[in-house]
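Notes follow once the structure below has been shown.
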Amino acid sequence: MAKEKKKVLIVIDVQNDFVYGSLGSNEAAAVVPNIVEKVNEYRNNGDLIIFTQDTHYNNYLDTQEGKKLPVEHCIRGTSGWEIVDEINYKKFEKFNNFAVYRKSTFGFDDWDWEERFNNTDDSLLDIEIIGLCTDICVITNALLIKTYYPEAKITVDASCCAGTTPDKHTAALNVMKSCQINVIGESDE
């Protein structure tokens, strides 16, 4: 009997501070409708959806990241830390294929991969990654997942991502391609 592929959407850091707040950009705001559409598609299909939240605290400026990027953002408990209202992720609480992971660094730092994927053979995983910022947290998580699940099909939808700048967005997509991550949704502009 053939085993069934497990489809997973990982939504990286689509939080107010990265869209409208201290680190927001027009490019990030422009991809929010695409992200909402993609999230709803996975939800309607009953696929697993994982949201991440970049999570910092009042001592952020004293951390290594805070010293290199001295812009307070995603401070736990603030409106900037919340996932954007357009996604309305709290409606997913009744949906059993849903999780939110709070991370204090660029990539997942406390996630039980085996438990979340129920020890699924990685060749049966079809993982799509979307979110913000392409050149920091999206690429970090894509590479971590590729390392942990080398036989999984990993795809990044560029139309549902934005970088800190358009050039860095493109550069990150190119690096991911060179690491055998599928990149879809690129514009011809």
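Rounded to the nearest 0.5 angstrom, Tyr57 OH and Trp81 CH2 are separated by 7.5 Å.
Under the 4.5 Å side-chain contact rule for hydrophobic residues, Tyr101 and Ile136 do not share a cluster.
Residue Ile184 is found outside any hydrophobic cluster, as its side-chain heavy atoms come under 4.5 Å of no other Ile, Leu, Val, Met, Phe, Trp or Tyr.
Checked against Ile129 for a side-chain contact (heavy atoms from CB on, under 4.5 Å), the options Leu9, Val11, Ile145 give a single hit: Ile145.
Between the Asn16 side chain and the Ser79 main chain, a donor and an acceptor come within less than 3.5 Å of each other. Judged by distance alone, the side chain of Thr63 and the main-chain N or O of Asn59 form no donor-acceptor pair under 3.5 Å. A donor-acceptor pair under 3.5 Å is formed between the side chain of Asn141 and the backbone N or O of Phe106. Asp17 places a side-chain N or O within donor-acceptor distance of the main-chain N or O of Cys74, the cut-off being under 3.5 Å.
For the residue pair Gly163 and Thr134, the shortest heavy atom distance occurs at N-OG1, 3.3 Å.
Under the side chain to side chain donor-acceptor pair (under 3.5 Å) criterion, Glu128 pairs with Lys38, Tyr42, sequence neighbours left out. In this structure Thr155 satisfies the side chain to side chain donor-acceptor pair (under 3.5 Å) test with no other residue, sequence neighbours excluded. Residues meeting the salt bridge (charged side-chain N to carboxylate O under 4.0 Å, His left out) test with Asp13, sequence neighbours left out: Lys103. Scanning for side chain to side chain donor-acceptor pair (under 3.5 Å) contacts around Thr165 gives an empty result, with sequence neighbours left out. Listed by chain and residue number, nothing satisfies the side chain to side chain donor-acceptor pair (under 3.5 Å) test with Thr140 (two or more places apart in sequence, or in another chain). Residues forming a ring-ring contact (aromatic ring centres under 6.0 Å, His included) with Phe51 (at least two apart in sequence, or on another chain): Tyr89, Phe92, Phe98.
Residue pairs meeting the salt bridge (charged side-chain N to carboxylate O under 4.0 Å, His left out) criterion with at least one member in residues 132-143, sequence neighbours excluded, do not occur. Here salt bridge (charged side-chain N to carboxylate O under 4.0 Å, His left out) pairs that include residues 59-75, with residues two or more places apart or in two chains, number zero. Sorted by first and then second residue, the side chain to side chain donor-acceptor pair (under 3.5 Å) pairs with a member in residues 176-185 read Lys177-Glu186; sequence neighbours excluded.
Residues Asp85 and Tyr20 fail the side-chain proximity criterion, which asks for heavy atoms closer than 4.5 Å. Using a 4.5 Å heavy-atom threshold, the side chains of Ile127 and Lys153 count as separate.
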If you apply the rule side chain to side chain contact (heavy atoms under 4.5 Å, CB included), what do you find for Lys5 with Leu125, and how did you get there? CA-CA 6 Å; Lys5 282 234 178 225; Leu125 290 172; over 6 Å; no
Residues 26-34 side chain polar contacts: donor-acceptor under 3.5 Å, at least two apart:
from  : atom 1 : to     : atom 2 : distance (Å)
Asn34 : ND2    : Ser159 : O      : 2.6

Side-chain polar contacts of residues 43-50 - donor-acceptor pairs under 3.5 angstrom, sequence neighbours left out - could you list them?
from  : atom 1 : to    : atom 2 : distance (Å)
Asn44 : ND2    : Asn40 : O      : 3.2
Asn45 : ND2    : Glu41 : O      : 3.2

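For the residue pair His169 and Asp167, no side-chain donor N or O sits within less than 3.5 Å of a side-chain acceptor on the partner.
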